Amino acid sequence: MNQDWRGSLIRHLLLLSGACLLLGLITGEYAWVLVLGLAGYLGWHLQQLLRLHKWLRTREGDEAPPEGYGLWGEVLDSIYHLQRRDQKVRGRLQAVIDRVQESTAALKDAVIMLDRDGNLEWWNIAAEKLLGLKTPQDSGQQITNLLRDPRFIDYFDNHNYNEPLELPSPVNNHLRLQFHITRYGNREHLMLVRDITRLHQLEQMRKDFVANVSHELRTPLTVISGYLETLLDNVENVNPRWLRALQQMQQQGGRMQNLLNDLLLLAKLEATDYPSDNQPVAVDLLLLSIKNDALALSGERHHRISLEVDPHLKLKGSETELRSAFSNLVFNAVKYTPDEGEIHVRWWSDEQGAHLSVQDTGLGIEAKHLPRLTERFYRVDSSRASNTGGTGLGLAIVKHVLLRHRAHLDIISHLGKGSTFTCHFPPLQMVRRGQ
Ligand code: ADP
């Protein structure tokens, strides 16, 4: 092709010079004929250039470039081929975009694209059904103006999207939705919303089942324990051969009662997201009473329990829930610390919030167990736990209570040296006495 246009250019120039020479020979005015010839040739090129310029400015859609001759024919042909290639690539890309949009639009999960400030850019049909977004009115709207649940606004503004958020649908209270947000590109947001109603119902069924079974078992167990107590109260009438069996039955009955109480407490904690009351709790007094109970539990084992508390620092929340969480931590320290060991309980605040730590000089826990410690019935060593009469639910209760108070648990432990369990509460849960 290159050779072609070069050849035609040389041909044209040779032809032009030949014609000029001939005319010069006839007229004897070589210079003028050459000037006129070159001016004509230049004029023709200018005319072609103007045609191309006009086409470039006025073409509509994929209109082909005008026809041309010689060098201009080659140029216009190349433009035409480029245009065709571009059309094909565009067609292919459009098909890919159409397929992606079609498949995303057909998804049962809602897909919503938001810009870096949280304004709506694009969403699929499922987003209209699950969240009630309206096309096209809502385009460009701030997402937090449309999804006004305070938990969503908190979650969105916090920019910490590691864990998904679960909420009822704003258009249908019976639908349970799970929100996942991912940042991409230029800090834009991609929000995926799944309908997890079925999963939520199954989870609810599991919770109800455990709560109902625990509740139903309570009455028969109370009756059995009551009779055992009466029998043991009249120990002189009991056949000595049965005495040990009855004592063991009473002990195991007590364990079962503790287990049922813990299961019921967990079920109650799981039933709602927030504690029923949100009054300032005097943590210093609460810890003092827990310390006395812990000393009673320690009994002959003579643990040394010390308290270091800020008496002006209160915590917003439910006193009963906080009592069970804190006493679980302190009682665990007593259970898993050898006789005469030291237990130090500290309650203080700093700019990060309020903190409660329970430090012991006990058995300690291997690092591999720490991530699973707050799971229900997770035990580091079953023989160790069964001696202490624990239910395996204590730390699960602690975790739930803390979650409900926007707090989290931190565990540091060294095998054979002791453990420190620290609860961290955010500043908004703190109240200074007198406030
Ligand atoms: P349990 O009722 O068995 O004490 P928890 O949920 O309270 O159940 O604790 C889970 C496990 O964590 C316990 O079985 C125990 O092995 C370990 N653990 C809890 N607290 C301590 C502690 N202060 N020191 C050493 N191990 C502990």
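Heads up: numbering here begins at 1 and tracks the sequence. Counting starts at 1 for both ligands and their atoms, in listed order. Here the structure is a predicted model, which is why all the values come from computation and not from measurement.
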query = Using 30° and 60° as the class limits, which term best fits the ring planes of H45 and W72: parallel, tilted or perpendicular?
reply = tilted
ask   = Hey, does N328 sit under 4.0 Å from ligand 1 if you only count heavy atoms?
value = no
query = Strictly under 4.0 Å, does any heavy atom of D360 approach an atom of ligand 1?
reply = yes
query = Heavy-atom distance to atom 20 (N) of ligand 1: which of N332, L415, L370, L363 wins?
reply = N332
remark   = Looking only at non-hydrogen atoms, the one of F331, F421, Y336 nearest atom 13 (C) of ligand 1 is Y336
query = How many angstroms lie between atom CG of D410 and atom OG of S357, to the nearest 0.5 angstrom?
reply = 10.5 Å
key: Region of H369 that comes within reach of ligand 1 [heavy atoms, distance under 4.0 Å]   = neither
task = Mind jotting down which residue pairs meet the ring-ring contact (aromatic ring centres under 6.0 Å, His included) criterion with at least one end in residues 141-163? Sequence neighbours excluded, please.
result = F152-F156, F152-F179, Y155-Y161, F156-H189
By number and element, which atoms of ligand 1 are closer than 4.0 Å to a non-hydrogen atom of [X]?
X    : result
G394 : 5 (P), 6 (O), 7 (O)
V380 : 16 (O), 17 (C)
Y378 : 10 (C), 11 (C)
R379 : 3 (O), 14 (O)
L373 : 12 (O)

message = Which residues pass the ring-ring contact (aromatic ring centres under 6.0 Å, His included) test with H424, not counting sequence neighbours?
response = H355, H408
ask   = So does E102 pair up with R99, basic N to acidic O under 4.0 Å?
value = no
task = Could you tell me whether K335 and D360 make a salt bridge, using a distance below 4.0 angstrom between a side-chain N and a carboxylate O?
result = no
key: R301 side chain to T337 backbone, donor-acceptor under 3.5 Å   = yes
message = If I apply the N/O under 3.5 Å rule, does L395 come out as touching ligand 1?
response = yes
inquiry  = Check this for me - ligand 1, G392, N or O atoms closer than 3.5 angstrom, yes or no?
reply    = yes
task = Using only heavy-atom distances, determine whether the side chains of R404 and S318 contain a donor-acceptor pair under 3.5 Å.
result = no
